[in-house]
Amino acid sequence: MTSIVQFKSKGLRALQRLTNVGLSVAVILGAVLMPLSPASAHHGWPGFDTDRLVYIAGTVSSDGVWGNPHSQFDVTLDSNLPADTPELAIPEQLSGPEDSVRVNAALSYKGTHKELEVIIAPPAWSGRWGLGRALKVGERFQAVGYINRTDDGLFRPVVFWYGDDAVPVNQVLGNELPVRAPLPE
């Protein structure tokens, strides 16, 4: 009888060790693979200063990366930005008064960077709203959006306009701004 109890006890301890090793491996794999997951690669609005919309204008200055989870490129800013957003066509999805007033009232960028890295929705999303191709180096680019909270050289638009015709492109999911920040005074 003693040997059966010892065998069960040793078997139980071996099973516990195996379980602990399995859990440890799962935790380690989770920590290693998590940065590769789409959720962590997604550059959501919470990382951006959504308390104030900012207007930028300039020219595309890099080929950037066009794809998922987002497209990114650089924009060399105009040296003399207007005080606020010039009169531009607002995409239909953001044309409601709560949003269009905020987009039109966005103050121009006053930061120290002469070039900003811009992050936009992936091609499938941007294509739905008016940009069915990669932007070209030297192409005109205007946008209203947010500066990143921890990297003030990173900009994410809620709407942008491209080319000489200032074609508007919605960059928000749905039909409203992710946050309705107070209007500038």
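None of these values were measured; they are calculated from a predicted model.
The closest donor-acceptor contact from the side chain of Asn68 to the backbone of His70 lies at 3.5 Å or more, if one exists at all. Panel note: side chain Gln142, backbone Gly58; no donor-acceptor pair is recorded below 3.5 Å. Between the side chain of Asp165 and the backbone N or O of Val167 there is no donor-acceptor pair closer than 3.5 Å. At least one donor-acceptor pair under 3.5 Å links the side chain of Trp161 to the backbone N or O of Ala89. Within the 3.5 Å criterion, the main-chain N or O of Pro82 finds a donor-acceptor partner in the side chain of Ser108.
Connection of Ile120 to Trp45 is established within a shared hydrophobic cluster, with ILVMFWY side chains joined at heavy-atom distances below 4.5 Å, either directly or through further cluster members. Linking Ile, Leu, Val, Met, Phe, Trp and Tyr whenever their side-chain heavy atoms come within less than 4.5 Å puts Leu88 and Tyr162 in one cluster. No single ILVMFWY cluster, assembled from side-chain heavy atoms under 4.5 Å apart, contains both Leu116 and Val65.
Asp84 has its side chain out of reach of Tyr55: every pair of non-hydrogen atoms, C-beta onward, lies at least 4.5 Å apart. Between Lys114 and Leu77 the shortest side-chain heavy-atom distance does not fall below 4.5 Å. Using a 4.5 Å cut-off on side-chain heavy atoms (C-beta onward), Asn175 and Asp99 make no contact. The side-chain heavy atoms of Phe155 and Val75, taken from C-beta on, include no pair separated by under 4.5 Å. Side-chain contact between Pro123 and Ser71 is present, with heavy atoms from C-beta onward closer than 4.5 Å. Residues Phe141 and Ile56 form a side-chain contact, since some pair of their non-hydrogen atoms from C-beta on lies under 4.5 Å apart. Contact check for Ile147 versus Phe48: no side-chain heavy atoms found under the 4.5 Å cut-off. The shortest distance between side-chain heavy atoms of Leu173 and Trp125 falls below 4.5 Å.
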TODO: Evaluate side-chain contact (heavy atoms from CB on, under 4.5 Å) for Leu154 paired with Ile119, printing each intermediate quantity in order.
DONE: CA-CA 7 Å; Leu154 182 60; Ile119 182 168; 4.2 Å; yes
- [ ] Any chance you could lay out the side-chain contact (heavy atoms from CB on, under 4.5 Å) test for Ser100 and Arg102, step after step, and finish with the verdict?
- [x] CA-CA 5 Å; Ser100 62; Arg102 284 170 170 75; over 6 Å; no
- [ ] Could you check Val137 against Phe73 for side-chain contact (heavy atoms from CB on, under 4.5 Å), going step by step and ending with a plain yes or no?
- [x] CA-CA 9 Å; Val137 172; Phe73 53 93; over 6 Å; no
Open item on the list: One pair to check against side-chain contact (heavy atoms from CB on, under 4.5 Å): Val60 and Leu135. What are the steps and the verdict?
Closed with: CA-CA 7 Å; Val60 175; Leu135 293 175; 4.0 Å; yes
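A distance of 3.5 Å separates CG of Asp152 from NE2 of His113, quoted to the nearest 0.5 Å.
Scanning all heavy atoms of the two residues, the minimum distance from Val169 to Ser126 falls at CG1-O, 4.1 Å. Closest approach of Leu53 and Tyr146 over heavy atoms only: CD2-CE2, 3.3 Å. Residues Val103 and Thr85 approach most closely at O-OG1, 3.0 Å, considering heavy atoms. For the residue pair Leu177 and Leu94, the shortest heavy atom distance occurs at N-CD2, 4.1 Å. The minimum heavy-atom distance between Glu115 and Asp74, with the atom names listed, is CD-CB, 3.8 Å. The two atoms that bring Arg149 and Pro46 nearest to each other are NE-O, 3.1 Å, heavy atoms only.
Using a 4.5 Å cut-off between side-chain heavy atoms of Ile, Leu, Val, Met, Phe, Trp and Tyr, Leu183 falls into a hydrophobic cluster with Val101.
Around CZ of Arg180, the count of heavy atoms belonging to other residues, nucleotides or ligands within 6.0 Å exceeds 12. With a 6.0 Å radius and a threshold of 12 heavy atoms from other residues, nucleotides or ligands, Asp51 has its CG atom above the threshold.
The pair Asp78-Arg140 meets the salt-bridge criterion, with a side-chain N (NZ, NE, NH1 or NH2) lying under 4.0 Å from an Asp/Glu carboxylate O.
Side-chain contact check for Glu139 and Thr59: no donor-acceptor pair (N or O, by modelled atom type) lies under 3.5 Å.
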